> 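If you scroll down you'll find the structure; I have some questions about it.
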Number of protein chains: 2
Amino acid sequence: MQPKYARARQAKRASYDESTIHAILDGGLVGHVGFIADERPMVIPMAYARRDGTIYLHGASKTRIARLDGVPMCMEVTQLTGIVAARSGFHHSVNYRSAVVHGTARFVDGNELDIALDMIVDHLLPGRSAEVRPMSAQERKATGVVALDIEHASAKVRTGPPVDDEADLALGIWGGVVPVTTAVGSGVQDAFTPDGAPEPASLAAARRKFA
Amino acid sequence: MQPKYARARQAKRASYDESTIHAILDGGLVGHVGFIADERPMVIPMAYARRDGTIYLHGASKTRIARLDGVPMCMEVTQLTGIVAARSGFHHSVNYRSAVVHGTARFVDGNELDIALDMIVDHLLPGRSAEVRPMSAQERKATGVVALDIEHASAKVRTGPPVDDEADLALGIWGGVVPVTTAVGSGVQDAFTPDGAPEPASLAAARRKFA
């Protein structure tokens, strides 16, 4: 084996620039939100959307998250793209894109709330907010949105084949990558959708966005 | 519309018994691990495995996570299965299975470390640890495993179509579920795998496990 070639196979992991971090955030389906509750760490999955350097998190007004204001918060978004099967357990890994953002929770109200609510719907189904019945004042009151203004962010990306010890490459063991794919499918209409109603444009947009 | 029928369409969200929580943990690809670092919440994605009531988390010995011992820790695992498109932004949701476990970080060593390292490899590729070159003493030293003995756990599951306001059902707006599927594909062998080497059994096992 040629060491140079082996080096060329090194996995890539790094911190990335803002555009890379934003792309990972924008391409994620679920945000994993961490905060401190009763002096213990708490992590819950949440719907979210990014607007410039701010993350909007959605929760019912009654939930703990919606009451968070002024406390430190973290959100992690990860897309797993492959399982890396090496010749040793030690060199097993996964291919992924991951972003972690830190900030302070800020309760959202007024015009910013309207914008945030539409953006959270449109994050998963681009354009959906314009396809549906407008939000009522009652619904606005019942929906809590917390903003996380990004104060610090980092990203990690791992791609490529396993990076095995030179001595293991000759063992004749299968090594490579097992692809993991997340896909958005065709919409399944419910019993209240008019027969023959065309699938709305937002669903095709979601398939393109999360392909 | 018949109220009874509408009620029958209610989304299911609940806390679940141990077997349900274990099934969600065992079916997850990535664990989202929360802990407190410098008085701030931190969430990082990690490979993991469950053994009875204990979660094993893998990290290089040098990383912060591997040095955690005796501190409170949380792990959340979520499988998103659909985007729920309602007739109002307010009733948009996602279908998912999610488990959140709480415990205290415990540094793992000795025989338990050997078991944990194999289990973490086998979680993603069942049986893989027996297909590869055994771990060396050096590698054991370089690998940190943290145990999270589950002290408290809960699960949430949302399934089914949107739950719209009665008045919105007649609007003629498309409503339903957009399926989200995560799939494990066929292995892509690297340049050091012998020509014609058959795909190892662990890869097919992973496709079955995460189907």
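Here is the naming used below: chain letters follow the sequence lines, and residue numbers restart at 1 for every chain. Just so you know, these numbers come straight off a predicted model, no measurement behind them.
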> Measure distances from A:R128 to the heavy atoms of chain B and classify the residue's part below 4.5 Å as side chain, backbone, both or neither.
side chain
> Relative to each other, are the rings of A:H123 and A:F210 parallel, tilted or perpendicular (30° and 60° limits)?
perpendicular
> Is there a donor-acceptor pair closer than 3.5 Å between any side-chain N or O of A:Y56 and the backbone N or O of A:I115?
no
> What residue in A:G89, A:P45, A:P72, A:G187 has the most heavy-atom pairs under 4.5 Å with chain B?
A:P45
> So which residue, B:A197, B:S202, B:P200, B:S129, ends up with the most heavy-atom pairs under 4.5 Å with chain A?
B:P200
> So, A:T193 and B:R87: side-chain donor and acceptor under 3.5 Å apart, yes or no?
yes
> Please classify the contact of B:D122 with chain A as side chain, backbone, both or neither, using a heavy-atom distance under 4.5 Å.
neither
> In terms of heavy-atom pairs under 4.5 Å with chain A, which of B:G176, B:A183, B:P41 leads?
B:P41
> Taking A:G160's backbone N and O only, do any of them form a donor-acceptor pair with A:N95's side chain (distance below 3.5 Å, no angle check)?
yes
> Pick from B:P179, B:P134, B:A206, B:S98: which one has the most heavy-atom pairs with chain A under 4.5 Å?
B:P179
> Using non-hydrogen atoms and a 4.5 Å limit, figure out which bit of A:V184 sits close to chain B: side chain, backbone, both or neither.
both
> For the residue pair B:E199 / B:S186, report whether a side-chain donor-acceptor contact shorter than 3.5 Å exists.
no
> Would you compute the distance between atom CZ of B:F35 and atom CD1 of B:I44 and round it to the nearest 0.5 angstrom?
4.5 Å
> Quick one: what part of A:V180 sits under 4.5 Å from any heavy atom of chain B, side chain, backbone, both or neither?
both
> Under 4.5 Å heavy-atom distance to chain B, tell me which part of A:L80 shows up: side chain, backbone, both or neither.
side chain
> Give, for atom NE2 of B:H91 and atom CE of A:M135, the distance between the pair rounded to the nearest 0.5 Å.
9.0 Å
> Which heavy atom of A:W174 sits nearest to which heavy atom of B:L203, and what is that distance?
CH2-CD2, 3.6 Å
> Is any NZ, NE, NH1 or NH2 atom of the basic residue among A:R133 and B:D165 found under 4.0 Å from an Asp or Glu carboxylate oxygen of the other?
yes
> Given that the side chain runs from C-beta out, which part of A:S88 has a heavy atom under 4.5 Å from chain B: side chain, backbone, both or neither?
both
> Testing the 3.5 Å rule here: is there a donor-acceptor pair between the side chains of B:E76 and B:T78?
yes
> Given heavy-atom pairs under 4.5 angstrom as the criterion, report whether the side chain, backbone, both or neither of A:P194 touches chain B.
side chain
> Answer with side chain, backbone, both or neither: which region of A:I173 has an atom nearer than 4.5 Å to a non-hydrogen atom of chain B?
both
> Let me know if A:H92 has heavy atoms under 4.5 Å from chain B in its side chain, its backbone, both or neither.
side chain
> Need one label for B:A86: side chain, backbone, both or neither, based on atoms under 4.5 Å from any heavy atom in chain A.
backbone
> Side chain from CB out, backbone as N, CA, C, O: work out which of these in A:A47 comes under 4.5 Å of a heavy atom of chain B, or both, or neither.
neither
> Determine the option with the most heavy-atom pairs under 4.5 angstrom with chain B, choosing from A:I36, A:V121, A:V178.
A:I36
> So which part of A:P198 gets closer than 4.5 Å to some heavy atom of chain B, the side chain, the backbone, both or neither?
backbone
> Counting only non-hydrogen atoms closer than 4.5 Å, does A:V188 touch chain B with its backbone (N, CA, C, O), its side chain (CB onward), both, or neither?
both
> Using a 3.5 Å distance criterion without hydrogens, assess whether the side chain of A:R207 forms a donor-acceptor pair with backbone atoms of A:G185.
yes
> Quick one, B:T182 and B:Q79 - any side-chain contact, counting heavy atoms below 4.5 Å?
no
> Heavy atoms only, distances under 4.5 angstrom: which of B:L125, B:V100, B:V77 has the most pairs with chain A? Name it, please.
B:L125
> Tell me, for A:S136 versus chain B, whether the close heavy atoms (under 4.5 Å) come from the side chain, the backbone, both or neither.
neither
